[in-house]
A.B. asks: 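Handing you a structure now.
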Amino acid sequence: GVMGPGRLRGALARSGGPERLRGPPAGGRYSLAVADRVSVAVVTRTQDRTILLDRAVRSVMQQTLPDLHMVIVNDGGDPRLVDQVVEAHRDLVRGRATVVHHDTATGMEAATNAGLRAGDSPFVAVLDDDDSWHPTFLERTVGALHATGAMGVVTDTQAVYEDIDYGDIRFLESFLFDAMADVRAPS
């Protein structure tokens with residue numbers, strides 16, 4: 001089906017603190033070790049969308065800012081498939097990923113919270129499994145946060161419509177997404 005909008009959207013914020021999980025979340029389990037403290041924790045939620053997760057993992061691991069750790073929250077999907085995606089990118093990941101498996105779906109917000117608890121970083125970014133970033137996204141946004149002392153960064157979104165057909169992602173169209181287009185007063 002057609003995917004979209006929002007392949008290149010992004011936001012980055014300072015985390016609320018160094019809360020660490022002592023064990024897996026209720027109803028879940030870890031398949032990889034919890035990260036040591038790194039500059040940015042990237043939380044990605046997924047459920048049975050391995051072709052998209054594959055692209056998201058590559059997008060994160062090819063960032064020019066290497067000081068990151070990706071927390072993938074498998075929210076009720078097949079754990080074997082998610083582990084296979086991470087394993088397929090072992091050379092890129094190089095120990096910079098944690099997978100949290102939920103046995104049953106908990107929903108987007110609960111999955112995000114599980115990912116936030118699994119990380120320990122001064123900055124956190126959420127990347128949906130159907131999104132990707134420009135390779136310098138984290139370097140530039142973390143640089144802006146350091147330079148300004150701001151609590152968060154919000155960026156433009158390039159909306160991308162795609163079709164997934166027989167295991168391939170086919171580009172259909174893209175445009176700069178204007179989130180305010182529907183709420184502006186007519187002139």
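Along the sequence shown, the residues carry numbers beginning at 1.
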A.B. asks: Heavy atoms only: give me the nearest Asp128-Ala56 pair and the separation to one decimal.
C.D. replies: O-CB, 4.3 Å

A.B. asks: Taking side chain to side chain contact (heavy atoms under 4.5 Å, CB included) as the definition, give me every residue that meets it alongside Arg170, ordered by chain and number, with sequence neighbours left out.
C.D. replies: Asp163, Leu172

A.B. asks: Please identify which of these residues, Arg45, Gln47, His101, meets the side-chain hydrogen bond (donor to acceptor under 3.5 Å, both in side chains) condition with Asn74.
C.D. replies: His101

A.B. asks: Any idea which heavy atoms bring Trp133 and Val42 closest together, and the distance?
C.D. replies: CH2-CG1, 3.6 Å

A.B. asks: To check you understand the geometry: which heavy-atom pair defines the closest contact between Val93 and Met61, and what is its length?
C.D. replies: CA-SD, 3.8 Å

A.B. asks: Return the CD1 to CG distance between Ile51 and Asp130, rounded to the nearest 0.5 Å.
C.D. replies: 12.5 Å

A.B. asks: Parallel, tilted or perpendicular: which describes the rings of Phe175 and Tyr161, with under 30° parallel and over 60° perpendicular?
C.D. replies: parallel

A.B. asks: Please report the shortest heavy-atom distance between Ser121 and Val40, naming the atom on each side.
C.D. replies: OG-C, 3.7 Å

A.B. asks: Check whether Asp75 reaches the backbone of Gly107 with its side chain - one donor and one acceptor, N or O, closer than 3.5 Å.
C.D. replies: yes

A.B. asks: Can you list the residues that meet the salt bridge (Lys or Arg N to Asp or Glu O under 4.0 Å) rule with Asp129, with sequence neighbours excluded?
C.D. replies: Arg49

A.B. asks: Roughly how far, to the nearest 0.5 Å, is OG1 of Thr44 from CG of Leu52?
C.D. replies: 11.5 Å

A.B. asks: Would you compute the distance between atom CG of Leu145 and atom CZ of Arg140 and round it to the nearest 0.5 angstrom?
C.D. replies: 13.0 Å

A.B. asks: Using the rule that Ile, Leu, Val, Met, Phe, Trp and Tyr join whenever any side-chain heavy atoms are under 4.5 Å apart, tell me whether Leu92 and Leu138 fall into a single cluster.
C.D. replies: yes

A.B. asks: Please list, chain by chain and in numerical order, all residues satisfying side-chain hydrogen bond (donor to acceptor under 3.5 Å, both in side chains) with Thr50, sequence neighbours excluded.
C.D. replies: none

A.B. asks: Going by distance alone, is a donor N or O of one side chain under 3.5 Å from an acceptor N or O of the other, for His69 and Asp120?
C.D. replies: no

A.B. asks: Would you give the length of the straight line joining atom OG1 of Thr64 to atom NE2 of His134, rounded to the nearest 0.5 angstrom?
C.D. replies: 8.5 Å

A.B. asks: What's the verdict on side chain to side chain contact (heavy atoms under 4.5 Å, CB included) for Phe123 and His146, showing C-alpha distance, side-chain angles and the deciding distance?
C.D. replies: CA-CA 11 Å; Phe123 300 109; His146 282 303; 3.6 Å; yes

A.B. asks: Does Arg80 have any side chain to side chain contact (heavy atoms under 4.5 Å, CB included) partners at least two apart in sequence or in another chain, and if so, which?
C.D. replies: Asp78, Gln84

A.B. asks: Got a sec, which residues hit side-chain hydrogen bond (donor to acceptor under 3.5 Å, both in side chains) with Gln63, two or more places apart in sequence or on another chain?
C.D. replies: none

A.B. asks: I'd like to check the side chain to side chain contact (heavy atoms under 4.5 Å, CB included) partners of Ala88; sequence neighbours left out, ordered by chain and number.
C.D. replies: none

A.B. asks: Starting at CG of Asn113, measure out to CD of Glu109 and round the result to the nearest 0.5 Å.
C.D. replies: 8.0 Å

A.B. asks: Take a 6.0 Å sphere around CZ of Arg96 and say whether it holds more than 12 heavy atoms from other residues, nucleotides or ligands.
C.D. replies: yes

A.B. asks: Please list, chain by chain and in numerical order, all residues satisfying salt bridge (Lys or Arg N to Asp or Glu O under 4.0 Å) with Arg90, sequence neighbours excluded.
C.D. replies: Glu87

A.B. asks: List for me each residue that meets side chain to side chain contact (heavy atoms under 4.5 Å, CB included) alongside Ser174, sequence neighbours excluded, and say none if there are none.
C.D. replies: Gln158, Val160, Phe171

A.B. asks: Quick check against the 3.5 Å criterion: does Ser59 have a side-chain atom that pairs as donor or acceptor with the backbone of Arg55?
C.D. replies: no

